[in-house]
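In what follows, a single structure is set out as structure tokens and then discussed.
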There are 2 protein chains.
Amino acid sequence: MSFENLTDREKRVLQNLIVHYVQTADPVGSRVIANKYRMGLSPATIRNTMQDLEELGLIAQPHTSAGRVPTDTGYRVFVDTLLKAEPLTEADRGKIKVLMSGSKGGIDAILGQASKVLGEITSQLGISIAPRFDEGVLTRLDLIPISEGKILVIIAVKSGLARSILMEFESGIPIDELRQMELVLNERLSGLTLGHIRKTISERLADTGLSPKLLKLFVNAESEIWQDRNQSILHATGTDNLIKQPEFADRDKLSSLMKALEEKKELIEFINSKSIGEGIVITIGSENDLDQMQSCSVVASKYRAGNVSGTIGIIGPTRMPYSRLISIVEYTAKSLTKALSGS
Amino acid sequence: MSFENLTDREKRVLQNLIVHYVQTADPVGSRVIANKYRMGLSPATIRNTMQDLEELGLIAQPHTSAGRVPTDTGYRVFVDTLLKAEPLTEADRGKIKVLMSGSKGGIDAILGQASKVLGEITSQLGISIAPRFDEGVLTRLDLIPISEGKILVIIAVKSGLARSILMEFESGIPIDELRQMELVLNERLSGLTLGHIRKTISERLADTGLSPKLLKLFVNAESEIWQDRNQSILHATGTDNLIKQPEFADRDKLSSLMKALEEKKELIEFINSKSIGEGIVITIGSENDLDQMQSCSVVASKYRAGNVSGTIGIIGPTRMPYSRLISIVEYTAKSLTKALSGS
DNA sequence: TTTTGGCACTCTCAAGTTGAGATTGCTAAA
DNA sequence: TTTAGCAATCTCAACTTGAGAGTGCCAAAA
């Protein structure tokens, strides 16, 4: 399983092969590696090494008389052990700075902008996922009567997130009662995380003198108010980049990938499940749980907004310039954290 | 310019040709029309008629030995004068009902659901555009302190819309002052439309005893708070349907269309500019202002949410089953209006 | 023992060829 | 006014062909 015992030569061949393949998208032959990358060896020798690498499952031949292409495992080894961190170019850094600073008007707009920046700079699909509210600390809860039987619930969370939910009842509710409710809710709940609230809501509101009819809506732990499924927002920008990639020449493949992208819920769950710890997380091809993404890689990183955190990153074909992308995603995540936290 | 003086036969040929072409996507020959549609005429006669229609610019030949395909003008005549309203099937009506009723949790979620419904049922790209806030009546405005130098402004509008904007200052603001501000703003502004507020804000807040530093943010008519550019949200669902259409076999074309779809601002402006009056609006191929949409048609309709209104519809290749789509979009718009207004 | 040159072998891909099939426009007859 | 007949045109899929790329392996060289 471990590929630590690769010879130095094998490593260099793998590295050069991947670098070249990422650029050209064409299977790489022994001659190219021997000549273009000046390894001081003849193509024949390279060929022998390539045979070894193929036996190890790191590279593969599309057909007999073609060069080799990296396998998912090959990319994995490359990413884990061979990757040289490529520093961000001054140009890229500048672009990110400019584009990220120009975005105002609420976290949602900023996240949209972030995904756009990522998509544009990397020529991949840029994505951003809004923070999960579960860890968010409630700062204020508003109840706004809309019409007979409808109220708008607004939940504001520390660090500038807010979301609104439209609730319905059978019958109208006196405005006084609503005010009262609002007061009590704010009093008893603000300062707590939404996750915490969900678990303890029934106890916390047990002894209020409020109308049980109204109360029922909030006390229910299953109430939509305290859930954040349906609510984590996913932005994805740069599908046109994806379409241009040769790996998506197959329309069916492209179509099913796009469908998966629109099925946001699953995608969000998947990406969140991978991006647990700190730092960059890379998922390559068959490592992806989603069927439609078996030929894609994901480079993702967390960002913070106060004490909640979300994920941004890029999606593209497994053949992607990992080292460059890592720097970009990393830096963008940092910029985003900065833009969202109290600067 | 007017095609009212088409002979009866010409009309029938055009009609049958379009119906057949929409189904098959293949150029339609004289034989098919003569036989399959039992016009009681020989192919040769049909051919003569087709020549006339071609001279009128209603149909065209991709190449010498192919059948004919409708031109944009041909579709236009079809839509304007030949279309028979196709009643909604019970199945479609049922689907729309079920899918639309299952959506809760704020207007944004409902609109997302609407675009999804449209996309799925029509096998085209379903779109929905959130109402413009300009006409919306302010019900409540909240100022929520987030951190030193940041406040969250929440604007709730009659009928359940809300949006939040993150504002920044150089220096902190005492919480009392903020409360005061909130009070005054609500007192003086609620009940007015946002458009109205924007125009009259400076007079309305002239004589308050509030801190000018804070006031400045709100009084400025150009302030982000009163604008709704950047804010009209566009949902688009069903790109996978589009990809499958033969007219988007060309990757470049597809790619540039997708880019246009992501450039939401322009698209929103364009669609809003078309959909002015009541009822269904159809824009065919070259009638579209946007370059990337020259081979697309749009079927759109307004919906209302209280006293603001937005647009939903579908986008697809010009070769689309107009009559069916019209019924579906129409009905979905009605359902949406119902779901958003006080039921 | 490792590296290399040489060479037969395999496979792809683009270009060219061919023939069947579809459809037209036109003309002359019904 | 309509139709049958027919030559002409063009596409498309199937097939053929040859150049080119790359391999694997063997025997010679280092």
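The sequence lines fix the lettering, A, B, ..., with proteins before strands; numbering per chain opens at 1.
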Q.
Output the rounded distance in Å from CD (B:E54) to P (C:dT24).
A. 10 Å
Q. When the nearest nucleotide of DNA chain D is assigned to A:N48 and to A:P27 on a heavy-atom basis, which residue is associated with the more 5' position?
A. A:P27
Q: Would you kindly give the NE2-to-P distance between B:H20 and C:dT23, to the nearest whole Å?
A: 10 Å
Q | Interatomic distance where CD belongs to A:Q61 and C1' belongs to C:dT10 [whole Å] | A | 10 Å
Q. Which whole-number value in Å describes the distance from B:E55 CD to C:dT24 P?
A. 15 Å
Q | Where protein sits on nucleotides 13-22 of chain C, one letter per nucleotide: B base, S sugar-phosphate only, - none, heavy atoms under 4.0 Å | A | ---------B
**Q.** Whole angstrom value for the distance that separates C1' of C:dT3 from CD1 of A:I33
**A.** 17 Å
Q. Are side-chain heavy atoms of B:L118 and B:I127 found at a separation under 4.5 Å?
A. no
(Q) In this structure, how many angstroms lie between the P atom of C:dT23 and the NZ atom of B:K36, rounded? (A) 13 Å
(Q) At less than 4.0 Å, is any side-chain N or O atom of B:R47 found next to OP1 or OP2 of D:dA4? Yes or no. (A) no
Q.
Closest-nucleotide mapping onto DNA chain D: is B:S42 or B:T64 further toward the 5' terminus? I mean the 5' end.
A. B:S42
Q) According to a strict under-4.0 Å criterion, is A:T45 in side-chain N/O contact with OP1 or OP2 of C:dT3? A) no
**Q.** Charged N-O contact under 4.0 Å between B:K259 and B:E266
**A.** no
Q: Check whether any side-chain nitrogen or oxygen of B:Q51 sits under 4.0 Å from OP1 or OP2 of C:dC26, and answer yes or no.
A: yes
(Q) Please identify which of these residues, B:T122, B:V22, B:V299, meets the side chain to side chain contact (heavy atoms under 4.5 Å, CB included) condition with B:M320. (A) B:V299
Q) Does OP1 or OP2 of D:dT1 have a side-chain N or O of B:R9 closer than 4.0 Å? A) no
Q: Can you tell me the distance, in whole Å, between the OH atom of B:Y21 and the P atom of C:dT23?
A: 14 Å
Q: Answer yes when B:E287 and B:K274 have at least one side-chain N-carboxylate O distance shorter than 4.0 Å, and no when they do not.
A: no
**Q.** The single option from B:T73, B:D72, B:T318 passing side-chain hydrogen bond (donor to acceptor under 3.5 Å, both in side chains) against B:S286
**A.** B:D72
(Q) Strictly below 4.0 Å: does B:R31 bring a side-chain N or O up to OP1 or OP2 of C:dT24? (A) no
